[in-house]
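The structure under discussion appears below in the form of structure tokens.
Values below: every heavy atom of this structure, side chains too, minus hydrogens, waters and symmetry copies. The chains referred to below are lettered A, B, ... by the order of the sequence lines, with proteins before strands, and numbering in each begins at 1.
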There are 2 protein chains.
Amino acid sequence: MTPTAPPDDEQGHSGQTAEQATEQAAGQPLLPLAGQTPPMRADAARNRTRLLEAAARLVAERGPEHLTMEAVAAAASVGKGTVFRRFGDRGGLLMALLDHSERLYQESFLTGPPPLGPGAPPVRRLEEFGIATLRHLAAHRALLLAAEPEACRRFEPPPRRLVLTHLTALLREADVGGDAELLAHTLASHLDVALLHHLTRRRGMPLDRLEAGWLDLVARVTRT
Amino acid sequence: MTPTAPPDDEQGHSGQTAEQATEQAAGQPLLPLAGQTPPMRADAARNRTRLLEAAARLVAERGPEHLTMEAVAAAASVGKGTVFRRFGDRGGLLMALLDHSERLYQESFLTGPPPLGPGAPPVRRLEEFGIATLRHLAAHRALLLAAEPEACRRFEPPPRRLVLTHLTALLREADVGGDAELLAHTLASHLDVALLHHLTRRRGMPLDRLEAGWLDLVARVTRT
DNA sequence: GCGGTAAACGGACCGTGGTCCGAATACTTT
DNA sequence: AAAGTATTCGGACCACGGTCCGTTTACCGC
């Protein structure tokens, strides 16, 4: 990687809340904090929106898996370098396309009304969280799948980390015994877009069955 | 893909056993059946071993993540096309390097002595299977990680399918309630090389903790 | 307006995975 | 041994992600 500042990706997924932050471990902030990045130059901002529009159009036309960076650059009448400077890499561009829905989704369980948001008992929140997540995944399946990073980075993207800390917090709050962090990984892996894709598309499982499976899993895992 | 016959990969991972085959669903045989493929031409066989030797050397020298197909071809004094015809793609070559240990691993739980192999009570076998798998993954971490396919194909490679059918069979045998197939996926995701990599290398978790987590997970999941 | 400077631009360039197809060659048949 | 044929070979070729760096341009102080 070059020594230049990391790409801004988008303006960052909403701010951090009071959901206690478990560990944080690796460097990188849990969510790309929305703090004021020095404002963008006018041409940069203009190109940014042109690129996003072009990308959205191409995705709608040909599907996210056929989106190429050159095509986006060309469709936006912009140099290829510009695309990479703005979004870092292909995954960054795809994630930027999802930014809006991702934010809504995150807010729904971080600060939304119970039983999904704070206020309901933790096990209840776990159940709701899984259902909400499965539906979010199903709704954006193709895009999320195309944005999925290489295997060795699968757990690094901030959205994934947020899911994990959220699950860990709820498990701790539910006072389930055992290794909360590992159990959170277990639960999280049931909310994986690749798994959802495999089960629903390749194996023809209905989404209901996944949802029922989630409730059953929560029951088994939280049973003291 | 071309209409030519699919690449032979390697001579195939050992044969199928009596472990009931759950569903089989998608086309493709569960294990690339070892049935006699029409024998290889002499030059093909020679090149195959030269390629594997070259690849093994390069992996040892520079690590599997830096292995390029061209480098292998060059090191084996062979055309690039030959590498691809023989192994299909990068993943196929990497898997071929693992073929021997993979076979030993599979035999250990399919036909080996109890409590890992048939003969012990199913829950006991589950426990042993997880431990054995975690150690197998840890032993071949780098190679397995480099061989991991794109997200949308994560569950397709025969070894992964074998793990799933094995887990499903043991769960059914243990007469745990619930959706055996989904529970098998839950268990399998704890035995994922990317997860193991993340937890042990990025987060510094000792392998013991993963093993303890596995035993705990089996207990929670099989608790009736 | 006018210069100075940091930021953004753009497209040539590179490495790598994967394909293609005419040339070469190992087996078979007579 | 010679001819025939199916298989394999090999490297030119393509597509795509990602980098680099000389050029352009928006913003800031005057």
Query raised in the report: What's the CZ-C1' distance between A:Arg85 and D:dC21, to the nearest Å?
Result: 11 Å
Query raised in the report: Below 4.0 angstrom, N of the basic side chain to O of the carboxylate: do B:Arg153 and B:Glu148 qualify?
Result: no
**Report entry** Rounded distance in Å - CG (B:Asp43) to P (D:dC9)
**Finding:** 5 Å
Query raised in the report: Short question: side chain of B:Arg160, backbone of B:Phe155 - any donor-acceptor pair under 3.5 Å?
Result: no
Query raised in the report: Quick one, which residues of residues 60-77 of chain B touch DNA chain C with a heavy atom under 4.0 Å?
Result: B:Leu67, B:Thr68, B:Met69
Query raised in the report: Over how many whole Å does the gap from A:Arg86 atom CZ to D:dG18 atom P extend?
Result: 17 Å
Query raised in the report: Rounded to the nearest Å, what distance is computed from the CG atom of residue A:Leu94 to the P atom of nucleotide D:dG18?
Result: 11 Å
Query raised in the report: What nucleotide, of C:dC13, D:dG11, D:dT8, holds the atom closest to the side chain of B:Lys80?
Result: D:dG11
Requested in this report: Output yes when a side-chain donor or acceptor of B:Thr186 lies under 3.5 Å from a complementary backbone atom of B:Leu182, and no otherwise.
Outcome: yes
Query raised in the report: Does A:Arg90 use its side chain to pair, donor to acceptor, with the backbone of A:Leu67 at less than 3.5 Å?
Result: yes
Query raised in the report: When the distance from CG of A:Asp89 to C1' of D:dG18 is rounded to whole Å, what number comes out?
Result: 9 Å
**Report entry** Whole-Å gap separating P (D:dC20) and CZ (A:Phe84)
**Finding:** 13 Å
Report summary line: Closest to the 5' end of DNA chain C, once B:Gly81 and A:Ala45 are matched to their nearest nucleotides, is A:Ala45
Report task. When you get a sec, tell me which of D:dC27, D:dC9, C:dC9 is the closest nucleotide to the side chain of A:Ala42? Result -> D:dC27
Report task. For B:Arg46 and D:dT7, give me the distance from atom CZ to atom C1', rounded to whole Å. Result -> 14 Å
Requested in this report: Keeping the roles fixed (side chain from A:Arg86, backbone from A:Arg48), state whether a donor-acceptor pair exists under 3.5 Å.
Outcome: no
Report task. Starting from P on C:dA24, measure out to CG on B:Asn47 and report it in whole angstrom. Result -> 17 Å
Report task. Please indicate whether B:Arg46 has more than 12 foreign heavy atoms, meaning atoms of other residues, nucleotides or ligands, lying under 6.0 Å from its CZ. Result -> yes
Query raised in the report: Will you find, in the side chains of A:Glu61 and A:His66, an N or O donor that is under 3.5 Å from an N or O acceptor?
Result: no
Query raised in the report: Quick one: is B:Thr82 getting a side-chain N or O under 4.0 Å of the D:dG10 phosphate, OP1 or OP2?
Result: yes
Query raised in the report: Do A:Arg41 side-chain and C:dA7 base share a donor-acceptor contact under 3.5 Å?
Result: yes
